[in-house]
Protein chains: 2
Amino acid sequence: MKNTGDRRRTIYDVAKAAGVSISTASNALNDTGRTNAETRERVRRVAEEIGFRPNALARGLLSKRSHAIGMLTNDTYGRLTLPMAAGVSEVLVDHGVSVFLCATNNDPRLAQLHLEALLDRQVDGIIFTATRLDLTPPVQLSRLPIPVVYVFAEGPADSVTFFPDDEQGARLAVDHLKELGRSRILHITGPRDYLAARIRAQSYLDACGDGAEAMFGDWSEEWGHEAVQTVFARPGAKPDAIFCGSDEIARGVIDALRDLNVEIPTDVAVVGFDNWEVVARQTRPPLTTIDMELKELGHRAGLAILSLSKGEPVPAGITRLPCRLVVRQSCGSPLRSE
Amino acid sequence: MKNTGDRRRTIYDVAKAAGVSISTASNALNDTGRTNAETRERVRRVAEEIGFRPNALARGLLSKRSHAIGMLTNDTYGRLTLPMAAGVSEVLVDHGVSVFLCATNNDPRLAQLHLEALLDRQVDGIIFTATRLDLTPPVQLSRLPIPVVYVFAEGPADSVTFFPDDEQGARLAVDHLKELGRSRILHITGPRDYLAARIRAQSYLDACGDGAEAMFGDWSEEWGHEAVQTVFARPGAKPDAIFCGSDEIARGVIDALRDLNVEIPTDVAVVGFDNWEVVARQTRPPLTTIDMELKELGHRAGLAILSLSKGEPVPAGITRLPCRLVVRQSCGSPLRSE
DNA sequence: TTGAAAGCGCTAACAC
DNA sequence: GTGTTAGCGCTTTCAA
């Protein structure tokens, strides 16, 4: 007879139905202590039959581990945080860990509220995510009784932090363009006060050397458009490739180039950054770009917080996960003559 | 002396420090029972001082209410679910309710896993969200011991369900175009097997009557582009307005019109659907479109699940929340002569 | 191998 | 008004 819905089954029900004590039932279900194989089977079968599910609250109260973690995010649900959150959740669900999602909207009061709620719920750890480096963290995370993992955000010096490897990602883009025979590569990117923008730009400058130029602006299509107009209006040699700091910028760049009757990729090759499919697949031609492997980032962060919460050691410091080049048609084929 | 980090403070610590019993402490902190105003103040001050925070697990175990809910989503973290989730979280955090985010990736095994985890955690309710009507629900949600609210998804007949009012939204778009003097309005939208697409199309057909034409395709920019090419290549009268089923489609439409040297909005006015800012603000001209008020949808769903979990009645059935017209420049001004 | 009993941190009767 | 006590559902000594 299944649970008829009147009340949740407890371990007491299991014990009674199996004709054992509750401690035996507990041992049988959890493979703890010494239990006769036969009784164990019987208890388990009964538990299954009556639809017993252990109460996670009671368990957590006793074990002081809730098997839940919190994700505190700054981001107004952008495309960065959420593929990542999916990665976190995906890797943790198989370990019986659930994820509280807390959007702070960059509001310190909200952040504090969420943080307290998480602590009250005895979460085993917190993953903090931001889209940009905020000079004043929204909330004091450093002296918490539980581990914290940072993603896309800088924690204290000795904390566990994950970032995409912006430097390697930018190099991937530049190298790809060079292999295709491009030599006058321009970089159009986002605001200078974004760490990611600065790192990518520096990597680009290091790779391209003399004559390289990085133009900082917004993370917008409009800025990409505007930058191209500026560059093509002024005298001097024109670039034969443009490496963009985001796919949105790349989209603006591509549109502006078309307006100028510059052919892509024949005259100018374009590379983006993000692999935001809804943009990158829809440009004409489709955009070659850099994927930050957000899901993998989420996996790693999830595993890290899991280990930390078990007291296992995790290497501190910033781990930068490699980006991946996604080749579409905006750079032309490596086999072209020029 | 603050909590020195060795151990979490319990109500027992508070009681001892305040020189009262734990029940008095509990009463003082929760404003239950009769408590002398002076003792109450003292207890509270002490609690504050030693950094006491009640253990939500213990509370939940006793009260059988965890003050947590689960959000089960089908969506691979699209732009629909997440602004909504932000709305849910935003409205619930002030009521002390936290949100578990569970992405099922449309995988029944994952959905089942998440559902069981939520039940084990004694969540007070579940919000189920999907981006499209799946004929076979990923998991049996109907006979749960806790309330379920559906958003963007159809539950059983008597369930509490929220949708944006697609019919009204479409009418808003068409009416706006008509007021601007447009008479040959075309509709380009997504796949016919999306309920939302069908409803919007029907609303459009009802409003436009004879000669109205709804073209079904994908939710993609490409389809918008292609549809426009088809329409402008064939003989007969051309539309003077296009109402698109999504902003992405609208973007493709706008690009195709520009390729054809059709002026927007002078020759053809364009309206989108979604108000997905990253698209709608970046089209040239910026897109007039329909906002589904996703955050408000989240608020309402959050409040509904809150009421239900308290046993308060909530009107069953489908509630459709009004959409909002967002006017940008793709339709021209109402004051134009023609 | 199994069971009785204590207790995780808290709230709610019910005495006092 | 305040304290004592039982108990939420579970795990875990420790005796039997």
Rounded to the nearest angstrom, tell me the gap between atom [atom1] in [X] and atom [atom2] in [N].
{"X": "Leu61(B)", "N": "dC8(C)", "atom1": "CG", "atom2": "C1'", "answer": "9 Å"}
{"X": "Leu29(A)", "N": "dC10(D)", "atom1": "CG", "atom2": "P", "answer": "9 Å"}
{"X": "Phe52(B)", "N": "dG9(C)", "atom1": "CZ", "atom2": "P", "answer": "11 Å"}
{"X": "Asp120(A)", "N": "dG9(C)", "atom1": "CG", "atom2": "P", "answer": "14 Å"}
{"X": "His67(A)", "N": "dG9(D)", "atom1": "NE2", "atom2": "C1'", "answer": "15 Å"}
{"X": "Tyr12(B)", "N": "dT5(D)", "atom1": "OH", "atom2": "P", "answer": "13 Å"}
{"X": "Arg53(A)", "N": "dC10(D)", "atom1": "CZ", "atom2": "C1'", "answer": "15 Å"}
{"X": "Asp31(A)", "N": "dT11(D)", "atom1": "CG", "atom2": "P", "answer": "12 Å"}

Give a yes-or-no answer on whether the side chains of Arg121(A) and Ser98(B) include a donor-acceptor pair shorter than 3.5 Å.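 A pair is found: one side chain offers a donor N or O, the other an acceptor, under 3.5 Å apart.
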
Gln122(A) and Arg65(A): side-chain donor and acceptor closer than 3.5 Å?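 Note: Gln122(A) and Arg65(A) side chains miss the donor-acceptor criterion.
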
Proximity to DNA chain C (any heavy atom under 4.0 Å), residues of residues 39-47 of chain A only: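 Hits under 4.0 Å, by residue number: Thr39(A).
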
Between the protein and nucleotides 14-16 of chain D, which nitrogen or oxygen pairs are less than 3.5 angstrom apart?
none

Does the ring of Phe163(A) carry Arg320(A) above it, NZ/CZ under 6.0 angstrom from centre and within 45° of its axis?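 Pair Arg320(A)/Phe163(A) counts as cation-pi.
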
Does [X] have any side chain to side chain donor-acceptor pair (under 3.5 Å) partners at least two apart in sequence or in another chain, and if so, which?
{"X": "Thr35(A)", "result": "none"}
{"X": "Asp31(B)", "result": "Arg44(B)"}
{"X": "Glu116(A)", "result": "Gln112(A)"}
{"X": "Ser23(A)", "result": "Ser21(A)"}

Check whether Asn30(A) reaches the backbone of Thr32(A) with its side chain - one donor and one acceptor, N or O, closer than 3.5 Å.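 The answer is no, because no donor-acceptor pair under 3.5 Å joins these two groups.
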
Whether Ser307(A) side chain and Glu312(A) backbone form a donor-acceptor pair below 3.5 Å: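 Looks like no, no N/O pair under 3.5 Å.
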
Lys64(A) side chain, from C-beta outward: closest of dT1(C), dC10(D), dC8(C):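 That would be dC8(C).
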
Taking the minimum atom-to-atom distance to the side chain of Asn55(A), which one of dC10(D), dC8(D), dG3(D) wins?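 Nearest to the side-chain atoms of Asn55(A), counting from C-beta on, is dC10(D).
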
Side-chain contact, heavy-atom cut-off 4.5 Å: Met84(A) with Lys295(A)?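 A side-chain contact is absent here, since even the closest heavy-atom pair is not under 4.5 Å.
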
Write out all pairs satisfying ring-ring contact (aromatic ring centres under 6.0 Å, His included) with one or both partners inside residues 84-112 of chain B, taking only residues at least two apart or from two chains.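 Sorted result for residues 84-112 of chain B: Phe100(A)-Phe100(B).
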
State whether Ser21(A) places a side-chain N or O below 4.0 Å from either non-bridging phosphate oxygen (OP1 or OP2) of dG3(C).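 So the side chain of Ser21(A) is within the cut-off, an N or O lying under 4.0 Å from OP1 or OP2 of dG3(C).
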
State which residues pass side-chain contact (heavy atoms from CB on, under 4.5 Å) with Leu61(B); sequence neighbours excluded, sorted by chain then number.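 Partners of Leu61(B) under the side-chain contact (heavy atoms from CB on, under 4.5 Å) test: Asn55(A), Ala58(A), Leu61(A).
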
Residues that Asp165(A) engages under salt bridge (Lys or Arg N to Asp or Glu O under 4.0 Å), provided they are two or more places apart: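 Here no residue qualifies.
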
Pairing residues for Glu296(B) by the salt bridge (Lys or Arg N to Asp or Glu O under 4.0 Å) criterion, not counting sequence neighbours: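 For Glu296(B), no residue satisfies salt bridge (Lys or Arg N to Asp or Glu O under 4.0 Å) once neighbours in sequence are set aside.
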
Report the end-to-end axis angle of the helix from dT1(C)-dA16(D) to dC16(C)-dG1(D); each axis comes from five terminal pairs, and the value is rounded to 10°.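 Terminal axis comparison yields 50°.
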
Pairwise 5' ranking along DNA chain D for Gly19(B) and Leu57(A), keeping only the more 5' one: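 Nearest-nucleotide comparison on DNA chain D picks Gly19(B).
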
Under 3.5 Å, N/O pairs linking protein and nucleotides 11-13 of chain C:
from	atom 1	to	atom 2	distance (Å)
dT11(C)	OP1	Asn30(B)	ND2	3.2
dT11(C)	OP1	Arg59(B)	NE	2.7
dT11(C)	OP1	Arg59(B)	NH2	3.2
dT11(C)	OP2	Ser26(B)	OG	3.0
dT11(C)	OP2	Asn30(B)	ND2	3.4

